[in-house]
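See structure below.
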Amino acid sequence: RQALEEMRALYERNQADVSEAKSGRTDLIFLIRFRHCCLLRNQRCVLAYLYDRLLRIRALRWEYGSVLPNTIQFHMSAEEVEWFNRYKKSLATYMRSVGGEEGLDLTQDIKPPKSLYIEVRCLKDYGEFEIDDGTTILLKKNSQHFLPRWKCEQLIRQGVLEHILS
């Protein structure tokens with residue numbers, strides 16, 4: 001915001017000086033060029049900042065899944081939340097289009113797994129959790145389970161489960 005205010009002030013001063021330069025004051029041309037260079041620099045800085053935020057918001061989708069925690073969403077502007085939702089829908093459409101009928105969830109194995117099953121501890125009460133073979137497991141606080149890695153990675157990232165390392 002400060003950079004935009006500074007840019008607005010520089011632009012207004014340049015407009016006033018351009019009017020005077022047109023009337024014959026050629027000594028203002030160097031000042032006008034200098035301010036213009038300052039405007040271009042500020043523009044590059046603002047664009048770099050916005051691009052960095054965009055990359056961070058995109059990374060949030062891969063880290064937290066399709067639903068952002070309220071603590072993170074609170075610090076985002078309405079436009080950023082809208083961009084996140086559009087990116088989320090676009091990624092979901094792409095994942096449905098590859099991998100056959102069920103699609104392919106690209107967010108599951110961000111790093112290649114060392115084993116297919118892992119031991120996890122439940123950090124908070126979650127309720128029932130169903131595995132592919134139809135088995136239902138009750139995830140209660142401090143309970144330990146031996147589960148398929150790909151089924152519980154999302155819950156680990158959300159803070160519901162904790163991977164127990166031997």
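All residue numbers in this chain count up from 1 along the given sequence.
- Under a hydrophobic-cluster definition in which Ile, Leu, Val, Met, Phe, Trp and Tyr are linked whenever side-chain heavy atoms come within less than 4.5 Å, directly or via other members, Leu60 and Val67 are assigned to different clusters.
- Taking CG from Leu39 and CZ from Arg41, the interatomic distance works out to 11.5 Å, rounded to the nearest 0.5 Å.
- Between the CZ atom of Arg25 and the CD atom of Glu20 there is a distance of 5.0 Å, given to the nearest 0.5 Å.
- Heavy-atom contacts from other residues, nucleotides or ligands closer than 6.0 Å to CD of Gln15 number more than 12.
- Electrostatic pairing of Arg86 and Glu82 counts as a salt bridge here, judged by a charged N lying under 4.0 Å from a carboxylate O.
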For this session: Kindly indicate, with the supporting measurements, whether the criterion side chain to side chain contact (heavy atoms under 4.5 Å, CB included) is fulfilled by Lys151 and Phe129.
Result: CA-CA 9 Å; Lys151 280 298 274 185; Phe129 182 68; 4.1 Å; yes
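- A salt bridge links Arg53 with Glu80; the closest basic N to acidic carboxylate O contact falls under 4.0 Å.
- With contacts defined as side-chain heavy-atom distances shorter than 4.5 Å, the pair Leu54/Trp83 qualifies.
- Figure legend: cation-pi geometry between Lys140 and Tyr126 absent, as NZ or CZ is not positioned both under 6.0 Å from the six-membered ring centre and within 45° of its axis.
- To the nearest 0.5 angstrom, Glu162 atom CD is 9.0 Å from Ile156 atom CD1.
- By the rule that hydrophobic residues join a cluster once side-chain heavy atoms approach within less than 4.5 Å of another member, Leu28 and Val18 end up as members of one cluster.
- Residues Leu106 and Tyr94 are in side-chain contact: their nearest non-hydrogen atoms beyond the backbone lie under 4.5 Å apart.
- For NE2 of His36, the number of neighbouring non-hydrogen atoms (other residues, nucleotides, ligands) closer than 6.0 Å is 12 at most.
- Residues Ile131 and Pro148 come closest through the heavy atom pair CG2-CG, 3.9 Å.
- Although no hydrogens or angles enter the test, the distance criterion places no donor-acceptor pair under 3.5 Å between the side chain of Asp52 and the main chain of Ala48.
- For the pair Ser90 (side chain) and Tyr87 (backbone), a donor-acceptor distance under 3.5 Å is absent.
- Between the CD atom in Glu130 and the OG1 atom in Thr135 there is a gap of 8.5 Å [rounded to 0.5 Å].
- Tyr51 and Met7 are assigned to two separate hydrophobic clusters, defined by single-linkage of ILVMFWY side chains at heavy-atom distances under 4.5 Å.
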For this session: Decide side chain to side chain contact (heavy atoms under 4.5 Å, CB included) for Arg121 and Ile164; before the verdict, give the C-alpha distance in whole Å, the side-chain angles of both, and the deciding distance to 0.1 Å.
Result: CA-CA 7 Å; Arg121 177 182 298 121; Ile164 300 173; 3.7 Å; yes
For this session: Decide side chain to side chain contact (heavy atoms under 4.5 Å, CB included) for Cys122 and Lys141; before the verdict, give the C-alpha distance in whole Å, the side-chain angles of both, and the deciding distance to 0.1 Å.
Result: CA-CA 5 Å; Cys122 192; Lys141 186 173 182 174; 5.6 Å; no
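- Under a 4.0 Å N-O distance rule, the pair Asp17/Arg13 does not qualify as a salt bridge.
- Ala3 and Asn42 make their closest contact through O-ND2, 4.3 Å (heavy atoms, listed as atom of the first residue, atom of the second, distance).
- With rounding to the nearest 0.5 angstrom, the CG atom of Asn14 is 10.5 Å from the CZ atom of Phe34.
- Side-chain atoms of Leu139 and Val120, non-hydrogen and from C-beta on, never get closer than 4.5 Å to each other.
- Between Met76 and Val81, the closest side-chain pair of non-hydrogen atoms falls below 4.5 Å.
- By the rule that hydrophobic residues join a cluster once side-chain heavy atoms approach within less than 4.5 Å of another member, Trp150 and Leu161 end up as members of separate clusters.
- The minimum heavy-atom distance between Ile118 and Cys152, with the atom names listed, is CD1-SG, 3.7 Å.
- The side-chain heavy atoms of Glu119 and His145, taken from C-beta on, include no pair separated by under 4.5 Å.
- At most 12 heavy atoms of other shown residues, nucleotides or ligands fall within 6.0 angstrom of atom CG in Asn70.
- A donor-acceptor contact shorter than 3.5 Å links the side chain of Arg157 to the backbone of Trp62.
- Residue His75 holds its NE2 atom at 12.0 Å from CG of Leu68, rounded to the nearest 0.5 Å.
- Under the 4.5 Å side-chain heavy-atom criterion for Ile, Leu, Val, Met, Phe, Trp and Tyr, Leu91 and Tyr64 are members of the same hydrophobic cluster.
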